[in-house]
Amino acid sequence: MRMTAADALLRSLEAEGVDTVFGLPGGAILPTYDAFARGTSIRHVLARHEQGAGHMAEGYARASGRVGVAIATSGPGATNLVTPIADAWMDSTPLVCITGQVRTHLIGTDAFQECDITGITIPVVKHSWLVQDAEELPHAIRAAFHVARTGRCGPVLVDIPRDVQEAELDFSYPDEVDLPGWRPSATVNERQVRAAAEAIARAKRPVLYVGGGTLNADACDELLRVAELWELPVVTTLMAKSAFPETHELHFGWPGMHGAKWSNWAMNKCDVLVAVGARFDDRVTGKLSAFAAGAEVVHLDIDAAEIGKLRRADIPVVGPLKQILDRLAAAFETLREEGRRPDTQPWLEQLAGWREEFPLRYGEDGEWLKPQRVLESLQALTGARDDVIWTTGVGQHQMWAMQYLLCDRPRSFITSGGLGTMGYGLPAAVGAKAARPDATVVCVDGDGCFQMTSQELATAVTENLPIVVVIVNNGYLGMVRQWQDMFYEERFSQVRLGQASPDYVKLAEAYGAVGLRAETDDELETALAEALACGRTAVVDCRVDPAEHCFPMIPAGAAALDLVEYQPPPSVPVA
Amino acid sequence: VIHTVSVLLEDKPGALMRVSSMFARRGYNIQSLAVGPTERAGISRIVLRVDCSEHSLEQIEKQMHKLVNVLRVSELEPGQAVERELALITVAASPSKRAELLQLADVLGVRVADVGANAIVFEVVGSPEQIDTFQELVRPHGIKELARSGRIGLARASARTETRQLVQT
């Protein structure tokens, strides 16, 4: 059928099964937006900033397991997408970004709103396409979706000059992709799986160190089966939170810089460490040379480049994780028939003992509302529900959310891990709500993070994508403040935001959302309950103790076993 | 240790940049890089030299293999490959020195590409070591300009294994 490439773009997205895209129009992408006006089955969510659109697409992808799509114009529109693209790159979120570009004859002339977005994004995309000919467009879109979601998931970019969008072509959506250089591993080496199973069978103190790859691979059921078959303790990284039921007796918390002491001890005192779609990130390992010293490492991953990148793998298994874990379970069965399986009972008792001995703690003294109380309260209010999806910003509140919220269903915790993108939470929540309209989506945010993307409240309200934003408001860039407090001799430098400016309640109301405030434990319960029940976009300003630090903590560069437990804050800051 | 790596990639816009950007991003330093067509239309070969450990080489290869345009990555192992480089060297040559330089070139099998009143342009093709040798010999005369192509290479026809394939495909 004869049509413009702009129309062909929408027909291509429809053919990919895309139901929602997030974007913001501008000059170079006008023909595509005109095609939206001509009609499509795709819902377009209009963001207030392209970064918001990008994070929404990420939130959509993480909540649904499908590819997120963001659209922006050339130049600043495209550069505003760079942060979400880099974020998706670090956290392996499948994302297709579509940008307008200046007309082909203007490329390279420093034309108005021209920028080399394919060049700028090369280090943070799996691949990108600058479509020079309308006929190529359907192939580029087909390939873009294929690359984004196969192998290790991640972002791709398709840049389309304005005149190419306007040009006509005979549209048919290709069935096949022609990518001779793109061959992600599709099979699993049975011998390696057997070797992995044997190593685990021999273990006295095994641990499954589960990373975000498990969620991307949709392998949570297989993981549960592997863990339960041989009663293997599971530790989930921040990116893997919700990949394994956190109320399950085999779940032993979260490793890393602000992970629980028992989780870090489990990881660092084990004899066989089974990394499942995890990448030995520095925030997890602490001092790498001291990490899980002496443990035999079994590394299961879709990405061969992760094997041995940071920690030598004694037994690597490369391939699709769902398949690997399925084969591993089968190998467990076979070994069990031979009468072989590990006896993990003493180890599980040891871990449970540590959990009893070193609980998460915080100071309950003073008149301030404690930030940890906000998370405990949210957990208490939602523990019995199965419809909640959490998103977070980045910082202390994010770490407290990791520690205190218990997620039992896959994809119910969405956060920025690798890049640590402040401002991620609110737009990601909007995207998650678009993907899962049935869910109650709650963004746990910091006051610093909130102010980076708060304009997307307008999107939540006007697009009828109601979310609850809980601001853990300590009036500071809290995590930076904590570091200055602990490691820079209390020299606070440019971290004070002030708790009262802006007035978050009035700000919420100005956007047409519900605004609530809590300064005491009693107000907290009431305000959170009201926000969760109101069915509208709501912002809860929780004024919390600015002095509170996030513990436990592995100081930067220290070994994970040298983690520091709760200590009262050394200074009393101005609120 | 300096490794010579041969990369086959699709001749697409930006493909070379994706490869070189990966090196820059991951902190590896390319010593030389030569790119050109191959026996197959639409496929280019990059031959690059990189000074890194065996562990880093493995990382480089795996990371390169993830690039969509990259078809194949292999190491050209010393002794198992033919490697050549081209150098053009302009050497100061006053009429009194000209004969000496021309004789030197003749002995070493180096071609003379151009002769001027006070300089000669030599064209050296050989192994990088041969080029180094000639370069050192003419240096006392004064090298006015120098351009080297970076080495290219292929597995020896007589090699037992074609080349060491570093990444499974």
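Residue numbers start from 1 in every chain, and the chains themselves are labelled A, B, ... in the order their sequence lines are given, proteins ahead of strands.
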Report summary line: Residue pairs passing the side chain to side chain donor-acceptor pair (under 3.5 Å) test with at least one member in residues 131-154 of chain B, sequence neighbours excluded, are Glu83(B)-Arg151(B), Glu85(B)-Arg148(B), Asp132(B)-Arg148(B), Gln135(B)-Arg148(B), Glu136(B)-Arg139(B)
Query raised in the report: At a heavy-atom separation under 4.5 Å, does Arg18(B) approach chain A through its side chain, its backbone, both, or neither?
Result: both
Query - Spacing of CH2 belonging to Trp182(A) relative to CG belonging to Leu71(B), to within rounding of 0.5 Å - result: 13.5 Å
Query raised in the report: Could you give the distance from NZ (Lys12(B)) to CG (Leu130(A)), rounded to the nearest 0.5 Å?
Result: 13.0 Å
Query raised in the report: Donor-acceptor pair, His65(B) side chain versus Ala305(A) backbone, under 3.5 Å?
Result: no
Query - Flag side-chain contact, heavy atom, 4.5 Å: Arg312(A) against His55(B) - result: no
**Report entry** Arg152(A) portion near chain B, given a 4.5 angstrom heavy-atom threshold
**Finding:** side chain
Query raised in the report: Where does Val68(B) contact chain A at under 4.5 Å (heavy atoms): side chain, backbone, both or neither?
Result: both
Query raised in the report: Do you know the tightest heavy-atom contact between Arg183(A) and Val70(B)?
Result: NH2-O, 4.2 Å
Query raised in the report: Side chain, backbone, both or neither: which part of Ser128(A) has an atom under 4.5 Å from a heavy atom of chain B?
Result: both
Query - Interchain contact, Leu9(B) with chain A, by part (heavy-atom threshold 4.5 Å) - result: neither
Query raised in the report: Tell me, do Lys62(B) and Lys309(A) make a side-chain contact under 4.5 Å, heavy atoms counted?
Result: no
**Report entry** Neighbour count above 12 (heavy atom, 6.0 Å) for Ile152(B) CD1
**Finding:** no
Report task. Quick one: which of Met22(B), Glu10(B), Arg25(B) has the most heavy-atom pairs under 4.5 Å with chain A, could you say? Result -> Arg25(B)
**Report entry** Shortest non-hydrogen contact from Lys66(B) toward Asp303(A)
**Finding:** NZ-OD2, 2.6 Å
